[in-house]
Amino acid sequence: MRRVGIVGAAVTPFKARWYEKTYYELAQMATAAALEDAGLATGDVDGVVYAIYNDIFQRAAIPEHPLQAITGLSNKFGVRVSNGGATGAYAMSVAHAYLAAGRFKTLLVLGVEKATDCFDFQSMSATPEVIKTIGWSGDTFFEQKLGWTASDSYAEVVLAYMDQHPDDLKPEVTARLAALLSQQARDNEFAQRRFDQVTPEEVLNSRIVVYPFKELEICVYSEGAAAVIMAEEQTARAIARNTGQPVIWVTGVGEANEPSYAGKGHKVMHRIYSHHLAAMRAYEMAGIRHPLEAIDVAEVHDAFVQQLQITMAEMGFVPLGRADSLVEDGIVTPGGRLLLNPSGGLLYCGHAVGASNIMSAWSARRELVRRGLRRALVHGTGSTVAQYGVVLILERD
Amino acid sequence: MADKIIPPEAIPEVGSEVIRVDGQPYLLVNDAMYTFYRRTMGEFSPFFLALRDDKRILGARCRRCGLVRVPPFVTRCPDCQFAPTDLVEVGDVGQLISTPPVTYFANSLFQEQVPFGRGRVLLHGADTALSVNLYTTRGILVPGIFRKGTEVKVVFRRERRGEITDIFCVPAHELTPDQVQRRGLEETELDWERGQEPPLPAATEAAKERFAQVARELTALARELSAHPRARRDIAGWWRTVLVKTTGGTLVMRIADGDLTIEEGSVQAPDFVMVVADPGVLLDALAYRGSLTQAIMTNKLWISKNVEFNTIFKLERMARSLARSRKA
């Protein structure tokens, strides 16, 4: 298996609404910027892995086909990945596999999503229709008609965890973590809520959307694109010599999909085993035994801040039942051992679904380079009841 | 008129508009993706027909390991090298496997049903849990009514279509022992509490003074919200007249396509009524110091129509829009 590294990355601004652009141009903006970052021309790239979550958002079946010409990669390899919220992370996993196998030297991983073209003409607002669109992801025979949403699905897992650990995920702690993410977004010029810093009190006072989630503890839907250029070892080293930027090696990749039905022999509702298994597989590949000691920066998919905390426990940063120690023991607060979601996360940078995990990789790479850190973790979650989990370990050359 | 697959009121008119961003015009077009289905329920047909016709719930029991999956989402057991399963009837009483979420902000198909719960019930005789809607017969659904282990009873809709929504669950403790025992309990047999407007205490001088003070502040805040472009957008295309009853007096809140006005007095035939003993609850929410949703959940605020959670969300969004811009 060949070593694989990231040699270029870019994101467009994440915005609540891009009136000015369709997903065609957003995709092209991210591609052009990522190629420029890697010092490459379109002819230097062997193919593309598209990360697009939802056909209905783009209002098209096979939404990626126009992008082949738009990205300048006509007549080359192109495959689309669609794995719910974990689409971007899975797309990078796919690119890694092709490159590690020696099929290609250089691939573009391109995520794009245009969520808020969806519009509900009864409430005259976008969000209920965006949620409805995602609602088509629920089990089609047994759940959709019950009002299934991404929020109530993840809330099921969070509430089951709270049944098991009633003293964890205290509202004042989740509020502090959400407020911390809002502070960190200030340093991300592409963040949707860059200048929307909130206090823990404001988080506590924000309305309940789906119990137990409050409005300011939930990611925001975004429109935007993100891209990374990945290359096998020799190519990556050559590109790095040219750009003067270090290669960010993908030293670990792990994935797991849980069952979506719950009960004996199926999903254990109070756990997110997918995140646990994905992390353990990625750690094994990267030779990591103690994640809190080994990892300097983590960009973790925070669909909901409580889920972010559980995920951190499932990945071994803190014990299950002690996820509040991330904040209470200062692990992720300023000056703490771990830099968590310096992009502001999906709560504050925004969640342009297919692009989100790629934005996370862009941010992790940026922090490794500019802070001179050694190792990062990038995580994605998706589907009903946090069913999918993907973890990538990135290391600076 | 027969029910339509797509509610007629959800279907937009053909139309378009131009929006300007940085002086440039961009075209917005009303549009939809729609596909109709005549969809087979295939191997799930016995399950849905049993719900519709017999008011019975079926599971799939593996002949080898004996696991009973409800709903019967497989005909062969994937844990036993695809050994066959048999359909078996399971009970219509069970326990919630975990504390269920309660939805207050629903997707566009479910806005008239908020607040509602969705949880997973392990029915007697089953090994996997069935997703069900959860309702209380006693007023607005708030967290705490349903918890992990709460015993619930399956209730059947009067009109059944062979869908998962032919059933829902209520807490067993809200029913009589006879109702809990009875197979095929129907919704019409339940004693639903009717939404009653809560009485307000008699107005004291202090309450009247408080009302006058808060009314002045609310009027000024409404003016500020109406002057704020983003907050105006939050109530664009929305019209409501709301009668707000408080201990110290009544207010009329008017929402009119971007304009929010609040004045003292009353009005005939409002779109809905809010009852809130302390008008400060409304003031705090619009000033982004509190939440109307939480006030409803904690019985500080009562609204006469649940569907008006739509309007509640819009008011809360306006408050946030103004609060955000003050920071930027």
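As the structure is a computational prediction, the values presented were derived from the model and not from experiment. Chain identifiers are assigned alphabetically (A, B, ...) following the order of the sequence lines, protein sequences preceding nucleic acid strands; residue numbering begins at 1 within each chain.
For chain B, the option among A:Arg194, A:Lys267, A:Glu215 with the highest count of heavy-atom pairs below 4.5 Å is A:Glu215. With chain A as the partner, the residue from B:Asn310, B:Asn30, B:Leu292, B:Leu122 showing the most heavy-atom pairs under 4.5 Å is B:Asn30. Put simply, of A:Met162, A:Glu129, A:Lys132, the one with the most heavy-atom pairs under 4.5 Å next to chain B is A:Lys132. With respect to chain B, the highest number of heavy-atom pairs below 4.5 Å among A:Met124, A:Arg193, A:Lys145 belongs to A:Lys145. In terms of heavy-atom pairs under 4.5 Å with chain B, the best-connected choice from A:Ala155, A:Gly147, A:Ala160 is A:Gly147. Chain A forms the most heavy-atom pairs under 4.5 Å with one residue out of B:Arg147, B:Glu13, B:Arg69, B:Met41, and that residue is B:Arg69. When each of B:Phe116, B:Phe168, B:Phe47 is scored by its heavy-atom pairs under 4.5 Å with chain A, the top score falls to B:Phe116. The candidate from A:Tyr19, A:Phe119, A:Phe142, A:Tyr154 with the greatest count of non-hydrogen atom pairs under 4.5 Å with chain B is A:Phe142. Of the listed residues (B:Gly117, B:Ser131, B:Gly149), the one with the most heavy-atom contacts under 4.5 Å to chain A is B:Ser131. When B:Thr293, B:Val132, B:Asn133 are compared by the number of non-hydrogen pairs under 4.5 Å with chain A, B:Asn133 comes out ahead. Annotation: maximal heavy-atom pairing with chain A below 4.5 Å, among B:Glu316, B:Arg233, B:Met297, occurs at B:Glu316. Among the candidates A:Asp163, A:Asp120, A:Leu204, A:Ile131, the residue making the largest number of heavy-atom pairs closer than 4.5 Å to chain B is A:Asp163.
With a threshold of 4.5 angstrom between heavy atoms, A:Arg17 approaches chain B through side-chain atoms but not through N, CA, C or O. In this structure, the portion of B:Ala106 lying under 4.5 Å from any heavy atom of chain A is its backbone and not its side chain. Contact of A:Asp152 with chain B is made through backbone and side chain together, with heavy-atom distances under 4.5 Å. Contacts between A:Val198 and chain B at a heavy-atom distance below 4.5 Å involve backbone atoms as well as side-chain atoms. Neither the backbone nor the side chain of A:Ser151 comes within contact range of chain B, judged by heavy atoms closer than 4.5 Å. In this structure, chain B has a heavy atom under 4.5 Å from the side chain of A:Phe121, while its backbone stays farther away. For chain B, no part of A:Glu201 is nearby; none of its heavy atoms comes within less than 4.5 Å. Neither the backbone nor the side chain of B:Leu130 comes within less than 4.5 Å of any heavy atom of chain A. For A:Val385, the part lying near chain B is the side chain, with the backbone staying farther off; criterion is any non-hydrogen pair under 4.5 Å. Looking at B:Ala32, only its backbone comes within 4.5 Å of chain A, counting heavy atoms on both sides. Both the backbone and the side chain of A:Ser206 come within less than 4.5 Å of a heavy atom in chain B. B:Val102 touches chain A through backbone and side chain together, each having a heavy atom under 4.5 Å away. Heavy atoms closer than 4.5 Å to chain A are found in both the backbone and the side chain of B:Ala10. For chain B, the nearby part of A:Gln144 is the backbone; its heavy atoms alone come within less than 4.5 Å. For a residue to count as touching a neighbouring chain, one of its non-hydrogen atoms must lie under 4.5 Å from one of that chain's; by this rule A:Ile56 touches chain B with backbone and side chain alike.
Side chain to side chain, A:Thr140 and B:Arg39 meet the donor-acceptor criterion of an N or O pair below 3.5 Å. For the 3.5 Å distance criterion, the side chains of A:His275 and A:Thr381 qualify, holding a donor opposite an acceptor. A:Gln58 and A:Glu113 share a side-chain donor-acceptor pair at under 3.5 Å.
Between A:Glu143 and B:Arg118 there is a salt bridge, since a side-chain N of the basic residue sits under 4.0 Å from a carboxylate O of the acidic one. Look at B:Lys300 and B:Asp284 and you find no salt bridge, because none of the NZ, NE, NH1 or NH2 atoms lies under 4.0 Å from a carboxylate O. Contact check on A:Glu202 versus A:Lys214 returns no salt bridge, with no Lys/Arg side-chain nitrogen under 4.0 Å from an Asp/Glu carboxylate oxygen. With respect to the salt-bridge test (charged N to carboxylate O, under 4.0 angstrom), the residues A:Glu156 and B:Arg120 qualify. Salt bridge A:Asp196/B:Arg324: present, at least one basic N to carboxylate O contact under 4.0 Å. In this structure, A:Arg59 pairs ionically with B:Asp31, as a charged nitrogen and a carboxylate oxygen lie closer than 4.0 Å.
In this structure, A:Gln164 and B:Ser98 have side chains that are not in contact, with every pair of non-hydrogen atoms separated by 4.5 Å or more.
Atom CD1 of A:Ile62 sits in a sparse spot, with 12 or fewer heavy atoms from other residues, nucleotides or ligands closer than 6.0 Å. For B:Arg61, the CZ atom counts as loosely surrounded, since its 6.0 Å shell holds 12 or fewer non-hydrogen atoms of other residues, nucleotides or ligands. Residue B:Arg289 places its CZ atom among more than 12 non-hydrogen atoms of other residues, nucleotides or ligands, all under 6.0 Å distant.
By the 6.0 Å and 45° rule, A:Arg207 stacks over the aromatic ring of B:Phe105.
Partner A:Phe141 forms a ring-ring contact (aromatic ring centres under 6.0 Å, His included) with one of B:Phe73, B:Phe44, B:Phe48 and no other, that one being B:Phe44.
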Problem set entry | Residue pair A:His351, A:Tyr53: steps toward the ring-ring contact (aromatic ring centres under 6.0 Å, His included) verdict | CA-CA 11 Å; A:His351 191 16; A:Tyr53 152 58; 8.0 Å; no

